Amino acid sequence: MFAWFLKIPPNCSTGCGQKSAPARAPEAPPRPPVTGPAHTEPNIETPARAEPETPDQRDAEAPALPLATVKREEVEGGFRIGPFQNVQNLWWADQDRVFGMFTFDEGQVLGTVTLDGGTLTPIISQREGFYASQPVLDGSAFLFDRMGPGTAGQWLKEGNQEPRLLVQGPYRHVSPDGTRLVSYSPQGTIFVDLRTGSRHVMDTPGDVGRMAAVLNSWSADGRRFLVQAGRDNPVPGFHFFDQQGRPAGNFAEPGFYSMWARWSPDARYVAFLSIPIDLSYPPGEGMFEPAVAPRLGLLDVESGKARYISVEGLVAAGPLLWSPDGRHVTVRFGRLATENHMARILEESVYVVQPGSNQLHRVAGPAAAVTEGYLTVESWAPDGRSLLIKSVRQGEGERYSVVHLGDGRASEIPGEAVWIDFRRLAAVEQGEAPHFGQTLHLVDHRGQVLRTVVVGTRIAFLTLHPAGTHLAFMVDSWKGTRKLGDPPATYLYVVRTAGQ
């Protein structure tokens, strides 16, 4: 078997920054480039705009919200804002502002909260809830989804300007620098430059289904966008596009199809699962084909060469997770079994692979292996020396462990966690019956509690400041079943991570 990669010469007028890869001798007779069917729709040079709103429509979408009831209160180590019916979708808009979606009985508002004082600053509100949102263009603008009839799609709100519709369709991929958008509409896959508003239909490989739309991704440096084509496509692999959404090559494996791709942080490699074209596994628990394959692939994007790693009698399973420095990627290998017509992985272990070689290292220690149950590598420590692993064993609940790669030593963590730095984590501990509830702790990498931050019914959306100085999160204090008209009891918390 062989891999082939078609590199299209760059066509950058200014500042593309890409270098042409040296030509490599073909391992088989050259094949012509394969593309999907041509789009019949013309490329679109100007952004789409919604129909002008009447005053009645505007009032219906922008209800009067009880913002006067929202207060800022000091708490130990920081502050909280509320109360709301719900808080979700938190981002750091910049170094000084937290962005989120805040829900009242009357509607929902997108807004920001500053670190240095003040309360919620609304950006836009509407009676029907937003689906998802995020800051772009260095926090000067905000993307959001509307789901109502006639308004569904990706919208952009800039400063005091009226929101404008960019793409009439679901899903979006925003470039790492927040300046470009790829989304999907009945017209095809749409590329939008958020700085200029220009957009066009990308030459993607035929229909991009729901699975590929979720799995497609930007490289970490924002220089390439990867589209994953399924097994039924003429090129059942990867199609690359440049910073302007133009074709920049493709990769395929004759007799195989490539899926579940993950870019390395330095954008040099793509790790993926390599699956025989005639092999079909039973469906997994999700809506997609299971992330299971006989072998793991590692593609060097510049050279087009791919390495493959397999373990006899076992299958590779995702998700694949790169270390922060891009020197290693994790994968699980285990025995494939079918239960109730669904694929399951048994006797699985966590392995670490170095992309520049075929070296495969099994992570030592009992926390990195399970016989009955499953494992998930949640995250790497920022220094790349430890893994946070979630395990579920038969007869047990979820357990979280920090596993040190050097000796396999494991330290149990109170619950689901995010790294603050390589020595500390913020962990949400689940309470026990009959009271349940959750508690947020700051813990060290050995699992020792340094500080208990807050106790609530539900704690979610832990979002670390870009400099690691603050942690934003939602705390719901309501007990019992909430009904329409019940008083709000949810707060946005922002606390400092320094100190014990």
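Keep in mind the model is a prediction, meaning the values are calculated, not measured.
Ionic pairing of Asp266 and Arg268 is not present here: no N-O contact between side-chain nitrogen and carboxylate oxygen is shorter than 4.0 angstrom.
By the 4.5 Å heavy-atom criterion applied to side chains, Glu416 and Lys390 are not counted as neighbours. Residues Val453 and Tyr493 are not in side-chain contact: their nearest non-hydrogen atoms beyond the backbone lie 4.5 Å or more apart. Using a 4.5 Å cut-off on side-chain heavy atoms (C-beta onward), Val329 and Val353 make contact. Taking the side chain as every heavy atom from C-beta outward, Ser133 and Phe142 never approach each other to under 4.5 Å. With contacts defined as side-chain heavy-atom distances shorter than 4.5 Å, the pair Leu226/Val270 qualifies.
The CG atom of Leu405 lies 10.5 Å from the CZ atom of Arg385; values are rounded to the nearest 0.5 Å. Interatomic distance, Ile309 CD1 to Gln354 CD, rounded to the nearest 0.5 Å: 10.0 Å. The distance from atom OG of Ser411 to atom CG of Leu425, rounded to the nearest 0.5 Å, is 10.0 Å. Atom CZ of Phe84 and atom CZ of Phe104 lie 5.0 Å apart (nearest 0.5 Å).
With a 6.0 Å cutoff to the six-membered ring centre and a 45° limit on the axis angle, Arg224 does not count as a cation-pi contact of Phe238.
Formation of a donor-acceptor pair under 3.5 Å by the Trp322 side chain with backbone atoms of Arg262 is found in this model. Looking only at distances, no side-chain donor or acceptor of Gln154 sits under 3.5 Å from a matching main-chain atom of Val167.
Below 30°, between 30° and 60°, or above 60°: for Phe272 and Tyr308 the angle between ring planes is above 60°, a perpendicular geometry.
Among Val418, Val403, Ile413, the one residue that satisfies the side-chain contact (heavy atoms from CB on, under 4.5 Å) test with Leu388 is Ile413.
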